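As the structure is a prediction and not an experimental result, all values here were calculated from the model.
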Amino acid sequence: MEVTEDNLATLANYLQQTLNPDPNVRRPAEKFLEGVEVNQNYAVLLLHLIEKEAADMTIRVAAAIAFKNYIKRNWPVEYEGDRIHESDRTAIKNLIVSLMLKSPEAIQRQFSDAVSIIGKYDFPEKWPTLIPEMVEKFATGDFHVINGVLRTAHSLFKRYRFEFKSQKLWEEIKHVLDNFAKPLTDLFMATLDLATKHADNQQALRVIYGSLVLICKVFYSLNYQDLPEFFEDSMPIWMPNLLNLLQVKVPCLETSDEDENPGVLEQLRTEVCECAALYALKYEEEFGPHAQSFVTAVWTVLLSTGPQPKYDALVSNALTFLAKIAEKNSYKSLFEDPATLSSICEKVVIPNLEFRESDMELFEDNPEEYVRRDIEGSDVDTRRRSTCDLVRTLAVHYEEKIMNIFGQYVQVMLTRYGESGAEAWRGKDAAMYLVTSLAARGSTQAAGVTRASPLVDLAQFAAHHALPELQRPDVNELPVLKADAIKYIMTFRTLLPKDLIISTVPLLVRHVGVGGVVGTYAACCAEKLIAGGMVPAAALQPHARSLLAALFTSLRDGSDPAAHNEYVMKAILRTLSCLQDAALEYLGDALPKLAQMLSIVAKNPSKPHFNHYLFETLSLSVTLVTKANPSAISAFEDALFPIFQEILQNDVQEFMPYVFQMLSLLLELRGGGGADANDPYCVLLPCLVAPALWQRPANVRPLVRLLCAFIAARPDAVLQSGRLNAILGVFQKLIASKTNDHEGFYLIQTMFFKFGEQVMQPYTKQIITLLFQRLSSSKTTKYVRGLIAFLGFYAAHFGAESLIDVIESVQTNMFAMYMERVLIADLQKVSGTLERKAAAVGCVKLLTSQRLREPPLDALWPPLMQALISLFELPPDESSLPDDHFIEVDDTPGYQAQYSQLACARGASNDPLASIEDPKRYLAESLGTMARAAAGVLPPRIAAIDEPHRVALYTYLTVYSVQIC
């Protein structure tokens, strides 16, 4: 793909088509670009198009986004080797910084993200020139360039806020500090100086203060992990100047009350408060001398800041700072005075708890987002949440004083509501929040508040102030207070009396159908009460029909995306899951609605959590109905296959992993079948081995599961279709991938188990060769575990002699090397019940085989027996191997980047060694059989193992009444 005008024009044309709202135009263009991105020079061509000033700006931005996504998908070397040519990698790193710095801001931001992704994998070892190149640009004096560098630094360093501590991370941060901290501090001082010099130039000040915002973001990231020595020494520079920035007045930059978005000064104060909170929390001793001044300045900011949404982030960070200060005993004197606490309550807490017009707009227009911000937290901090955090902190450290002082304000607000009614609803709303914050002492996401202050009577408050709001005849009256009441019940659900909780169920059912925030809260509360066992199936059943009807009503007919409420769908799932077989009578009405909803959302997937719960609900429904009536599987296939076909044909990437999982479930439930060419499952088989599908990481695990379901349920169809070689090709790619090698073992084990040794025999030597080549080139803990378990399975099914012969056919003496260097050395690393069982049974097969009685393998009998006994008696060895740190993806079951496992579609755990229940018993009885067949062989071998292992072995023999002679 040479950089020519024709190629640039072609690329621009396809990018233009990707912006088309018509999926029939957009998707082919996206697929074309996805297909050519592996070509050499593709990324360089994109960069030249982005740089081309004559090109339409929309196309240049689209190209920048495409470039960022290309880097995100392909820069990590995880699957099928390297998808980016080495010359392209070098060219990208040589071009990207300089190109970014001369690009418009919209493109700069995409480049910054791309640099951050590249830096995660290459910086600093493979990209040592990055920091010097960035620092060099500080000297240009051009703030467009400088701000570009700072944005890049922010993108690159912000991961320090989230990554776990490690030696590698420390070394990287030290490298950055050695080369970047002093230039950053010098830039900070020079920028402050420029702010003074250009005090009368509004345009210049806006740029200068924008730079200070970015400098503070970078400063925060570089300080997050621990107090770096450089910044410890430069505290006298940073802290006084950060304090001044919190107090600085720049009239020409002040925003008016009508402005909706925060101005540069608000952004700067927000960042300064965040830096101060970090120092107050982590660096108490160093920050101590500055604490009083910052508290005073932050207090002043809070008192002078209005209720407008543009100040929300600033107020949240300021309140967070005060909460961090209040946590520390060394700052106790700042809060002990009752007058101070009273002032905090009156002037800061209550004003920032009060329900505002902007809250009402969100309450009425976007219920899901309101609930998400209110109870789950989100990327956007709210004033209320930060205020509640401050109240909780103060209540923990100054409990009696806070309860007395704040309790008086609560009583006043509740009394006023009792006297004035609806006119004073805002006061009761604030009181409900205040009581919740004062009472809570410890909580979890799953159980709500688990510890509360003994000074608050939770049940009495619920009976007198929460439940009456839900008992009003008019379900639409005072909706905010109804939402508060439901939230109170939900928050303290594990601490309230069970009879009170049960009594709320019909009240929740009444309010689910209301929709909006109240309906969302009611659905959310019902789901959590059921999930936590507070409302068991017996208590739920009388209300089940009404609850499900109300939940489906609130989703409407599925045609309105605004009604696709994740909390409602989760409540449907939880209700059906709780009822199990008792849910069958309701599924007749529910299933057509669920199928219709899936058909609608498949056309434009936009709500990931809703979609996930929808697929879970469908999977659960399939399982429940077919368990009661196996013939019902046909009805599900008829209803769902056309929708699945549309999803696959239209390449709806978000849904394809879900479809593969549900097809696996349906195929497993359908069971065995012939090789009928018209069978809809068999028609699908050729598509499943298409390379393009396997290039998407999210597809890998569900596709492996589906292939294994085919092999188990349609083995003849697989063989007659001639796809065996293609499936073996998939195995070869999987086993070469550090990310997906465990899926390769799962696939090949299923093939051996279902096809048998006779079918697999022509390929066995090549399979074993591939396994040992990978072991030689890249030995990770995960791979070693998988290899030992698989070879154990092989020995268990086809015999130890067969395993030894095939490994020896690859290379003479290889089996002895495998036993000594892998099996005996790393057997303890095997984890997982089925994996440990396969490894153990395989070892028993080896220990009782003729080959291990003869040289040269006989010498390995005692250490193998000791390793097996250690496997039985000790927990798994969790130490790592040198290559482990190259694995970039979490390998825990059920996780894969952009992949969500459906719990309700999870297949039965098929144990290929189900006939062997207890591996210890199997060992004892196998040794007994061996002793009877070859008298006198075992005693000297057992005598050669260490005493602790020998004692354990004799214990097994005694327990299972086996004698050795």
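Taking CD from E37 and CD1 from I84, the interatomic distance works out to 8.5 Å, rounded to the nearest 0.5 Å. Atom CZ of R701 and atom CG of L703 lie 12.5 Å apart (nearest 0.5 Å). Once rounded to the nearest 0.5 Å, the distance linking SG of C843 with CG of L871 reads 7.0 Å. Rounding to the nearest 0.5 angstrom, the gap separating the CD1 atom in I727 from the OG1 atom in T750 is 10.5 Å. The structure places CZ of F636 at 6.5 Å from OG1 of T626, a figure rounded to the nearest 0.5 Å. Rounding to the nearest 0.5 Å places CZ of F710 at 11.5 Å from CD of E668.
A salt bridge is absent between R821 and D826; no separation between the charged side-chain nitrogens and carboxylate oxygens falls under 4.0 Å. The residues E917 and R921 are annotated as not salt-bridged, no charged nitrogen and carboxylate oxygen being separated by less than 4.0 angstrom. A salt bridge does not link E163 to K120: none of the charged nitrogens lies less than 4.0 Å from a carboxylate oxygen.
Between I735 and I748 there is no side-chain heavy-atom pair separated by less than 4.5 Å. Residues L747 and E743 have side chains not in contact (no heavy-atom distance under 4.5 Å, counting atoms from C-beta outward). A heavy-atom distance below 4.5 Å is not found between the side chains of N740 and V704. Within the 4.5 Å cutoff, no side-chain heavy atoms of Q653 are placed close to those of N699. Annotation: side chain of M656 is in contact with side chain of L693 (closest heavy-atom distance under 4.5 Å). Inter-residue side-chain proximity for S87 and Q40 is flagged as met; some heavy-atom pair is nearer than 4.5 Å. The shortest distance between side-chain heavy atoms of Y960 and L923 does not fall below 4.5 Å. No side-chain heavy atom of C904 sits under 4.5 Å from any side-chain heavy atom of V622.
A ring-centre distance under 6.0 Å is not found for H742 and Y783. Residues F615 and F655 place their aromatic rings such that the two centres sit under 6.0 Å apart.
For the pair Q661 (side chain) and L902 (backbone), a donor-acceptor distance under 3.5 Å is present. The main-chain N or O of R774 is never found under 3.5 Å from a side-chain atom of S778 such that the two would form a donor-acceptor pair. In terms of modelled atom types and a separation under 3.5 Å, the side chain of E925 and the main chain of V962 share no donor-acceptor contact. Side-chain atoms of E808 come within 3.5 Å of backbone N or O of F815 as a donor-acceptor pair. A distance-only check finds a donor-acceptor pair linking the side chain of S721 to the backbone of V718 [under 3.5 Å]. A donor-acceptor distance shorter than 3.5 angstrom exists from the side chain of S166 to the backbone of L169, with no hydrogens or angles considered. Although no hydrogens or angles enter the test, the distance criterion places no donor-acceptor pair under 3.5 Å between the side chain of D946 and the main chain of P948. With hydrogens and angles ignored, the 3.5 Å screen pairs no side-chain donor or acceptor of K845 with any backbone N or O of F798. The backbone N or O of G832 sits nowhere less than 3.5 Å from a side-chain atom of R785 that would complete a donor-acceptor pair. In this structure, the side chain of T955 engages the main chain of V951 through a donor-acceptor pair within 3.5 Å.
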Output a table of donor-acceptor pairs, distance under 3.5 Å, between side-chain atoms of residues 790-797 and any protein atom two or more places apart or on a different chain; print 'none' if there are none.
from	atom 1	to	atom 2	distance (Å)
Y794	OH	S802	OG	3.4
H797	NE2	P912	O	3.0

Pairs under 3.5 angstrom only: tabulate donor-acceptor contacts from the side chains of residues 759-768 to other protein residues two or more places apart or in another chain.
from	atom 1	to	atom 2	distance (Å)
T764	OG1	M760	O	2.9
K765	NZ	S809	O	3.4

Apply side chain to side chain contact (heavy atoms under 4.5 Å, CB included) to Q828 and R836, showing your working.
-> CA-CA 9 Å; Q828 199 63 32; R836 286 169 77 86; 4.3 Å; yes
Check step by step if side chain to side chain contact (heavy atoms under 4.5 Å, CB included) holds for F772 and M814.
-> CA-CA 9 Å; F772 278 89; M814 182 177 278; 3.8 Å; yes
After noting the C-alpha distance and the side-chain angles of K733 and W694, does the key distance pass the side chain to side chain contact (heavy atoms under 4.5 Å, CB included) rule?
-> CA-CA 9 Å; K733 293 180 185 302; W694 293 86; 6.0 Å; no
Which is it for F660 and F644 under the side chain to side chain contact (heavy atoms under 4.5 Å, CB included) test, yes or no, and what are the steps along the way?
-> CA-CA 9 Å; F660 296 142; F644 290 170; over 6 Å; no
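Minimum interatomic distance between K837 and L913 (heavy atoms only, all atoms of both residues): NZ-O, 3.0 Å. Nearest heavy atoms, G671 versus A713: O-CB, 3.7 Å. Across all non-hydrogen atoms, the minimal contact from K165 to Q225 is CG-OE1, 3.2 Å. Contact detail for P76 and I71: the closest heavy-atom pair is CD-O, 3.9 Å. G119 approaches W127 most closely through the heavy-atom pair N-CZ3, 4.3 Å. What you find for P940 and G936 is that their closest heavy atoms are CD-O, 3.4 Å.
A cation-pi arrangement, defined by a distance under 6.0 Å to the six-membered ring centre and an angle within 45 degrees of its axis, is absent between R83 and W75.
Other residues, nucleotides and ligands place more than 12 heavy atoms under 6.0 Å from the CD atom of E34.
Side-chain atoms of E616 and Y658 include no donor-acceptor pair closer than 3.5 Å. Inspection of the S619 and R906 side chains reveals no N or O donor paired with an N or O acceptor under 3.5 Å.
Among pairs with a residue in residues 850-864, those fulfilling side chain to side chain donor-acceptor pair (under 3.5 Å) read D805-R851, Q850-R853, Q850-E854, at least two apart in sequence or across chains.
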